[in-house]
Amino acid sequence: MSITVRAAAKINLHLGVGRAREDGFHPLDTVYQAIGIHDDLTLSGADGLSLVTHVADHIDPAAVPDGPDNIVLRAARLLAEHAGREAAGAFEVRKDIPVAGGMAGGSADAAAALVACDRWWDLRTSDDDLLALAAQLGSDIPFSLVGGTARGVGRGELVSPVEDPASWWWVAVPATEGLSTPAVYRHFDALHPDAPEAPASAEPLLAALATGEPLRLARALHNDLQEPAIDLRPELGDLIARGEAEGALRGLVSGSGPTVVFLCDSADGARETAVGLAGAGHDVVLTATGPVAGAHVLA
Ligand code: C5P
């Protein structure tokens, strides 16, 4: 007997970043979209807590944090503590989401662990409590629970769903070596010591999204962490230019990077861009559509 929960990668269609708050976090106005690159987490009964991770070919197994600090085990312990019970279970995670790639792979696993434990332990935790626990674990974990397309404010943890009936085509190119999210935020601070307190508004992006037109959305994509990410990894700028030359409407660093995502006009456009990027020597090129569901039980 076991339960399997699927959780999706996220990209930020808009990521407005304001000046760091007193607590060190940056105020955000962001629009998340869950896209069809997934991790699957299976939980089965056991006396203690354990975790085994299997990774897709494009992921370096050594890059996956293991040990008791892994976000899956932290999520299980936090929910158990909230429910006043012991944390027990054997977790197995199959990872397809790039690690330390700016696509919320760890956050997806944490959201999947919360959903799996809640069901396996028959806790029936309220949505509000699950979202609050998710926010304690990380800023974008509430979004990994909700999925779809959603606006995030605060430090990104306060999410509200956004109407997004279209289906958008994306090509994602992960990097071999991840980037540290805190390091990218620190570099943003260094480049923009006078950043305004209020982050750039997501309203123009939301207006473009509502048209359902890929070209309008492409023009509105915005990421304030792209400049620091490219400054730390100049090759990301070349990759964006290359994908756009291969037919993508627009390339963008995903979150804090280093994964680069390309918005394409159609399935054919995505295939063409992916083939072009593979031909240019990029070994790992993923194609996905969004929005897709948040963390949900598969079986
Ligand atoms: O919340 P999470 O654990 O995902 O954040 C990781 C790190 O990213 C934080 O410790 C902080 O350095 C940075 N961060 C930030 N502002 C945010 C979200 C994250 O500075 N809104």
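Start at 1 and go down the list; that is how both ligands and their atoms are numbered. These numbers were taken from a predicted model, which means no experiment stands behind them. Because only heavy atoms are used, hydrogens play no part in the values below, and waters and symmetry mates are left out as well, while side chains stay in.
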Short N-O contact, Asp189 and Arg186, less than 4.0 angstrom: no
the protein heavy atom lying closest to atom 7 (C) of ligand 1 turns out to be Pro182 CG, 3.9 Å
Ion pair Asp29/Arg151, N-O distance below 4.0 Å: yes
Is the closest heavy atom of Gly24 to ligand 1 under 4.0 Å? yes
Hey, what do you get for CG (Leu131) to CG (Asp127), rounding to the nearest 0.5 Å? 6.5 Å
Who clusters with Val17? Use side-chain heavy atoms, under 4.5 angstrom, across I, L, V, M, F, W and Y, and order the result by chain and number. Leu15, Leu28, Leu179, Val184, Tyr185, Phe188, Leu225, Leu232
Sub-4.0 Å atoms of ligand 1 with respect to non-hydrogen atoms of His26: 15 (C), 16 (N), 17 (C), 20 (O), 21 (N)
Return a yes/no value for Arg155: is any of its N or O atoms, backbone included, closer than 3.5 angstrom to an N or O of ligand 1? yes
Region of Tyr185 that comes within reach of ligand 1 [heavy atoms, distance under 4.0 Å]: side chain
When you measure from atom 4 (O) of ligand 1 to every protein heavy atom, which one gives the shortest distance, and what is it? Ser139 N, 3.7 Å
Return the residue, atom name and 0.1 Å-rounded distance of the protein heavy atom closest to atom 9 (C) of ligand 1. Phe25 CE2, 3.7 Å
Atom indices of ligand 1 within 4.0 angstrom of Gly138 heavy atoms, with elements: 1 (O)
Using the side chain to side chain donor-acceptor pair (under 3.5 Å) criterion, which residues pair with Asp140? Sequence neighbours excluded. Ser107
Is ligand 1 less than 4.0 angstrom away from at least one heavy atom of Thr181? yes
Does Arg119, at its CZ atom, have more than 12 non-hydrogen atoms belonging to other residues, nucleotides or ligands within less than 6.0 Å? no
For atom 13 (C) of ligand 1, is the nearest protein heavy atom under 4.0 Å away? yes
What's the verdict on salt bridge (Lys or Arg N to Asp or Glu O under 4.0 Å) for Glu81 and Arg77, showing C-alpha distance, side-chain angles and the deciding distance? CA-CA 6 Å; Glu81 192 186 316; Arg77 288 195 301 264; over 6 Å; no
